[in-house]
Trainee: 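This is the structure I want to talk about, given as structure tokens.
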Amino acid sequence: MARNEEKAQSMLYRFREAQAAELGLGTRADRRPKMASGCKSLRECERWRGEILRELSRKVSKIQDAGLTDYEVRDVNDEINKLMREKRHWENQIIALGGANYRRNVAMLDDDGKEVPGTKGYKYFGRAKDLPGVKELFQSKKQEEEEENQALAFYKKFMNQGPAYFGDLDEADGKLLEYERQAEEAEWRDEYTNVREILDLPLDDPIPKIPRGSSASSSPLLTNGSSLPQPPPNAKRKAQEEDVEMDTVNADAAVPDQAKRPRKADADGSTKADVIPSSGVADSMRTHASAAAAYLGFLSAEDLMPPTLPTREEMEGVLLALRKQALVEEYFGE
């Protein structure tokens, strides 16, 4: 009679063992633990992971069978997903015990080389992709991708355009600027003639040029040769010095005597922060208003003057009076 060791090596014995393991009829010692975290041996974890891989291989081959019904295909697909989750638990336990890292983030690809939708959770294998409801899911995903690709192809021609596409180089050759200048001059002549006809002014007078830039001398309203008051030549420098002085005072807030030190006065008694007096600005505005009134004829200088705005004290007085009136009406009635 053959020994037990020889019996264990026979082909029939190994086939029976594999069949019993597949049906879950193995001995208690050979059954896979339900909790991967309960296994503290790295070698055992590797063994059970290998067994799960073999079962997965058999299930994936089985789900390709054309003789299976839709219900059986769904059951086999559920079993495959269950084995995949269990395999992930054993891989986590292998990593925790200091073993190799088998969890590689490899995307699942279909026959066209594209990533299979739904690979982050529940997966479909083999004939499960052709089941009712699943096939429409894959088709909808594919249709959405095609629509996105078409939209991207349509808008791609408008992307990454140079400055010429946005018109930034239209004025580079100067032709557009010359055309705009001629059109502006023609419109200026037409409008000027229109105004003369409306105001019954002689049409034989030469038409002045368009006032360009900030030059006040070319303005047609200034007929008496007056111009806007120019600031003193050192006004800009004084303003800059004042800004620098204020910044220095803010930075040196720890020294109060420097912040409160008065500015030095000049020989005529004016400080460095003196600006153009308001009376001079008012006189200049009145001069311009008079010149414009003499040109137009039907408006007076007072009509062309800017409106007089109320002061802060006047506005506060009006608001206070309205508040008092509201309180009186609230407590004593109208």
Trainee: For Glu55, is there an ion pair with Arg32 - N to carboxylate O distance below 4.0 angstrom?
Mentor: yes

Trainee: What orientation do Trp188 and Tyr192 show, parallel under 30°, tilted 30 to 60°, or perpendicular over 60°?
Mentor: tilted

Trainee: Less than 4.5 Å apart, side chain to side chain, heavy atoms only: is that true for Val328 and Gln325?
Mentor: no

Trainee: Should Arg181 and Glu178 count as an ion pair when the cut-off is N to O under 4.0 Å?
Mentor: yes

Trainee: Looking at Lys82 and Glu86, is there a salt bridge between them, counting it only when a charged N and a carboxylate O are closer than 4.0 Å?
Mentor: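 Salt bridge flag = no for Lys82 with Glu86.
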
Trainee: Is it true that Leu169 and Leu177 fall in one hydrophobic cluster, defined by side-chain heavy atoms closer than 4.5 Å?
Mentor: no

Trainee: Donor-acceptor pair, Asp65 side chain versus Ser61 backbone, under 3.5 Å?
Mentor: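 Absent.
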
Trainee: For the residue pair Tyr122 / Asp78, report whether a side-chain donor-acceptor contact shorter than 3.5 Å exists.
Mentor: yes

Trainee: Any donor-acceptor pair under 3.5 Å linking the side-chain atoms of Asp190 with those of Thr193?
Mentor: no

Trainee: Do Ile95 and Trp48 sit in one hydrophobic cluster, given that two such residues count as connected whenever their side-chain heavy atoms are within less than 4.5 Å of each other, even indirectly?
Mentor: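 Ile95 and Trp48: separate clusters.
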
Trainee: With no hydrogens and no angle check, just 3.5 Å: does a side-chain donor-acceptor pair link Gln150 and Glu146?
Mentor: no

Trainee: Under a 4.0 Å N-O cut-off, is there an ion pair linking Arg286 with Glu302?
Mentor: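 A salt bridge is present here (some side-chain N lies under 4.0 Å from a carboxylate O).
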
Trainee: Evaluate whether atom CZ of Phe158 has more than 12 neighbouring non-hydrogen atoms of other residues, nucleotides or ligands under 6.0 angstrom away.
Mentor: yes

Trainee: Report the distance from atom CG of Leu320 to atom CD of Glu313, rounding to the nearest 0.5 Å.
Mentor: 13.0 Å

Trainee: Are Phe166 and Tyr155 connected in a single hydrophobic cluster, I mean Ile/Leu/Val/Met/Phe/Trp/Tyr linked by side-chain heavy atoms less than 4.5 Å apart?
Mentor: yes

Trainee: So do Asn92 and Arg88 actually touch side chain to side chain, heavy atoms under 4.5 Å?
Mentor: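 Side chain of Arg88 against side chain of Asn92, heavy atoms only: contact under 4.5 Å found.
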
Trainee: Are any of the side-chain nitrogens in Arg47 or Glu44 under 4.0 Å away from the carboxylate oxygens of its partner?
Mentor: yes

Trainee: Kindly give the heavy-atom pair with the smallest separation between Ala36 and Gln93, and that separation in Å.
Mentor: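 Smallest interatomic distance, heavy atoms only, reads O-CG, 3.3 Å.
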
Trainee: How long is the gap from CE on Met305 to OG on Ser300, to the nearest 0.5 Å?
Mentor: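 If I round to the nearest 0.5 Å, the distance is 11.0 Å.
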
Trainee: Minimum heavy-atom separation for Trp90 to Ile52, with atom names?
Mentor: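 Nearest pair, atom of Trp90 first, then Ile52: CD1-CD1, 3.2 Å.
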
